[in-house]
Amino acid sequence: MQDSNSSARLGNVAVLGIGHTGEAVCRYLVGLGERVSSITLFGGASSHEGEVTHELEGLGVRCVLGTEEVEGTFDLTIASPGIPVGSVFFQAAAAHSAEIIGEPEFAWRESPANWVGITGTNGKTTTTTLTTALLREGGRVAEAVGNIGTIITSRLAERQPGSWFVAELSSFQLATTRLLHPHVACLMNVTPDHVEWHGSMEAYAQAKEKIFANLQAGDLAVVSDGDDWCRAVIGRLDARGLRVCRVDVRQDPGTPCAAFVRDGRLVVRLDGAEHVLVPTDDLLIKGEHNEENALVASAVALELGVADKDVCRGLLAFSPLEHRIEPCGEVSGVRFVNDSKATNTDSVEKALTAFRPGNIVVLLGGHDKGTDLTSLAHAVAARCRVAVCYGAAGERIARALEDEVAASGSGLEVVREPHLREAFSAACGRAQAGDVVLLSPACSSFDEFHNMEERGELFKHLAAERVAAGRLC
């Protein structure tokens with residue numbers, strides 16, 4: 001394992017949550033031997049006995065299940081990311097612990113060298129994956145970890161010396177950090193999301209900004225210049241005297257460190273030295289937001305010493321991720337695109353820029369987060385020909401779109417359907433040659449599906465059926 005703090009005793013440790021994170025942390029703690037005096041897993045109110053708890057108990061972990069009551073005294077508690085800081089469960093654990101932190105903070109303390117941290121409301125997964133690919137193209141050993149799906153603690157024991165962790169970090173995870181210190185930290189954007197978890201938009205934004213809390217003069221902050229929240233962060237980072245790479249796809253920020261598009265090409269400038277990269281039209285990932293993702297990933301790779309030619313080669317080879325503006329077939333001149341990962345309004349607005357205005361049939365709906373729909377309605381009415389609204393949020397979205405159509409005179413057709421399957425059929429029935437049928441829901445999936453992946457898989461299955469049949473209807 002790389003650069004472990006292996007001599008530090010942890011004492012009595014509690015773990016909150018019996019999901020994948022809690023299990024991985026418990027298994028890692030078991031492997032630390034005498035550094036840990038005891039391990040107690042508090043599963044939470046809905047937890048119950050099962051194969052995992054039986055295995056952990058066999059390894060010496062004490063499992064407390066079916067309750068959010070916490071008893072005992074602990075030197076350290078490690079909380080799973082789904083447990084809100086303000087919850088009764090979290091606060092009960094904090095009252096019985098000398099310190100309570102989240103899993104990424106714990107993983108960093110165990111292996112602190114060579115971290116890249118990436119956060120933001122949208123674009124985290126694409127940028128994390130692309131950054132990892134560019135580092136590997138340049139001969140670095142790099143692994144994408146964190147919110148992207150690989151629990152960081154689960155990779156500590158096998159981490160190679162000199163390797164890089166490229167960590168996608170959610171606001172949930174960052175809320176419980178204190179010492180976390182990546183060498184390069186990136187903030188893609190901050191738009192309304194998870195406000196119900198954090199309690200306010202301000203608290204959500206503050207959690208995102210914690211990724212920069214421990215940066216020092218030799219580190220690099222990469223920050224989008226695209227929204228007011230991020231611009232305020234840039235001002236605070238400048239006031240600390242940090243190196244800040246401003247990212248702006250529309251113009252050169254004119255600063256010593258910057259990433260931007262000039263004459264149709266990606267350009268990164270670090271400490272005054274420019275790196276002119278590939279034409280934006282040659283990227284396989286489309287849309288202005290993906291140009292921004294590519295700029296952030298390129299800035300990180302160049303900062304870490306990857307050669308320009310390797311960055312360019314990696315950029316040109318990178319394909320769209322599953323469920324993120326993912327092409328999934330064409331029939332009768334109509335393309336199907338799966339953007340199930342677009343679970344908030346800002347993500348949808350950015351996705352729409354990847355396609356020709358007036359030729360988009362968009363599917364919107366799912367579990368209603370209660371977010372404001374004004375900006376989404378404006379973007380959909382301006383760029384889409386048809387909007388099919390479905391699911392629990394479908395009616396509210398449809399009404400917002402109809403209000404926008406009435407105010408703007410847009411020719412958008414608004415359709416209502418109960419579920420995704422019916423919405424897909426309605427979209428196909430209205431699509432014309434040259435159109436794209438786009439699943440970009442602006443909502444989470446929990447009214448109809450277990451997760452956004454399951455939703456995307458159904459869309460792809462329905463599209464594959466039409467492609468195989470050779471007809472839309």
Side-chain angles (χ1 to χ4, degrees), residues 116-138 140 142 144 148 164 166-168 184-189 191 220-227 230 244-253 255 257-270 273-327 337 339 341-342 346-347 349-355:
V116 173
I118 297 172
T119 194
T121 307
N122 297 304
K124 298 187 296 295
T125 300
T126 296
T127 305
T128 299
T129 308
L130 178 53
T131 300
T132 305
L134 296 183
L135 291 176
R136 290 174 175 172
E137 191 71 42
R140 309 305 193 268
I148 200 168
W164 283 89
V166 183
E168 177 186 328
V184 184
C186 310
L187 176 60
M188 310 295 299
N189 42 64
T191 60
L220 181 68
V222 183
V223 189
S224 167
D225 202 14
D227 62 71
C230 285
V244 181
C245 178
R246 290 167 172 78
V247 182
D248 192 332
V249 296
R250 299 182 180 179
Q251 61 185 359
D252 181 352
T255 49
C257 295
F260 53 96
V261 176
R262 183 176 62 207
D263 299 329
R265 299 184 80 95
L266 302 180
V267 181
V268 175
R269 185 168 55 241
L270 293 175
E274 282 198 358
H275 307 262
V276 180
L277 304 172
V278 303
T280 57
D281 287 347
D282 291 350
L283 296 172
L284 297 177
I285 50 175
K286 301 300 182 183
E288 190 174 272
H289 63 295
N290 273 320
E291 294 172 8
E292 182 176 77
N293 296 340
L295 285 169
V296 172
S298 298
V300 175
L302 292 165
E303 168 71 8
L304 300 184
V306 176
D308 290 27
K309 63 180 178 62
D310 294 327
V311 172
C312 290
R313 187 163 54 243
L315 288 170
L316 295 176
F318 188 74
S319 298
L321 301 181
E322 188 176 18
H323 308 300
R324 195 70 185 100
I325 314 187
E326 175 193 9
V337 176
D339 193 35
K341 194 171 173 62
D346 182 66
S347 186
E349 292 174 44
K350 291 177 177 176
L352 295 179
T353 67
F355 308 101

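Being a predicted model, the structure only gives us computed values, none of them experimental.
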Within a strict 4.5 Å, meaning less than it, do heavy atoms of the [X] and [Y] side chains meet?
X	Y	value
T353	H289	yes
K124	T119	yes
L266	V261	yes
T127	M188	yes
T255	F260	no
L302	D308	yes
V222	E303	no
L130	L315	yes

Working to the nearest 0.5 angstrom, can you tell me the gap between [X] [atom1] and [Y] [atom2]?
X	Y	atom1	atom2	result
D225	Q251	CG	CD	7.5 Å
H323	T125	NE2	OG1	11.5 Å
L283	E291	CG	CD	7.0 Å
F318	T126	CZ	OG1	6.0 Å
R324	S347	CZ	OG	3.5 Å
E274	R262	CD	CZ	4.0 Å

So, for [X] and [Y], which heavy atoms are closest and what is the spacing to 0.1 Å?
X	Y	value
C230	D227	N-OD1, 2.8 Å
G226	S224	N-OG, 3.0 Å
V306	G138	CG1-CA, 3.8 Å
L220	C257	CD1-SG, 4.4 Å
C245	A259	SG-N, 3.9 Å

Counting distance only, does the side-chain N/O of D248 pair as donor-acceptor with the main-chain N or O of P253 below 3.5 Å?
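Checking the backbone N and O of P253 against the side chain of D248, no donor-acceptor pair under 3.5 Å is found.
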
Any sub-3.5 Å donor-acceptor pair from R246's side-chain atoms to A258's backbone N or O?
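Pair absent, no side-chain N/O of R246 close to backbone of A258.
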
Could you go through L295 and V249, starting from their C-alpha distance and side-chain angles, then the distance that decides it, and tell me whether this counts as side-chain contact (heavy atoms from CB on, under 4.5 Å)?
CA-CA 8 Å; L295 285 169; V249 296; 3.9 Å; yes

Qualifying residue for side-chain contact (heavy atoms from CB on, under 4.5 Å) with R140, from L135, D310, T132, V166:
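So, applying the side-chain contact (heavy atoms from CB on, under 4.5 Å) to R140 and each of L135, D310, T132, V166, only L135 qualifies.
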
Among V116, T131, T128, find the one that has a side-chain contact (heavy atoms from CB on, under 4.5 Å) with E168.
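With E168 as partner, side-chain contact (heavy atoms from CB on, under 4.5 Å) holds for just one option, T128.
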
Other residues, nucleotides, ligands: >12 heavy atoms within 6.0 Å of R250 CZ:
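No, the 6.0 Å shell around CZ holds no more than 12 heavy atoms from other groups.
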
Taking only Lys NZ, Arg NE, NH1 and NH2, and the carboxylate oxygens of Asp or Glu, determine whether K341 and E326 approach each other closer than 4.0 Å.
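Between E326 and K341 there is no salt bridge, as every charged N stays at least 4.0 Å from the carboxylate O atoms.
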
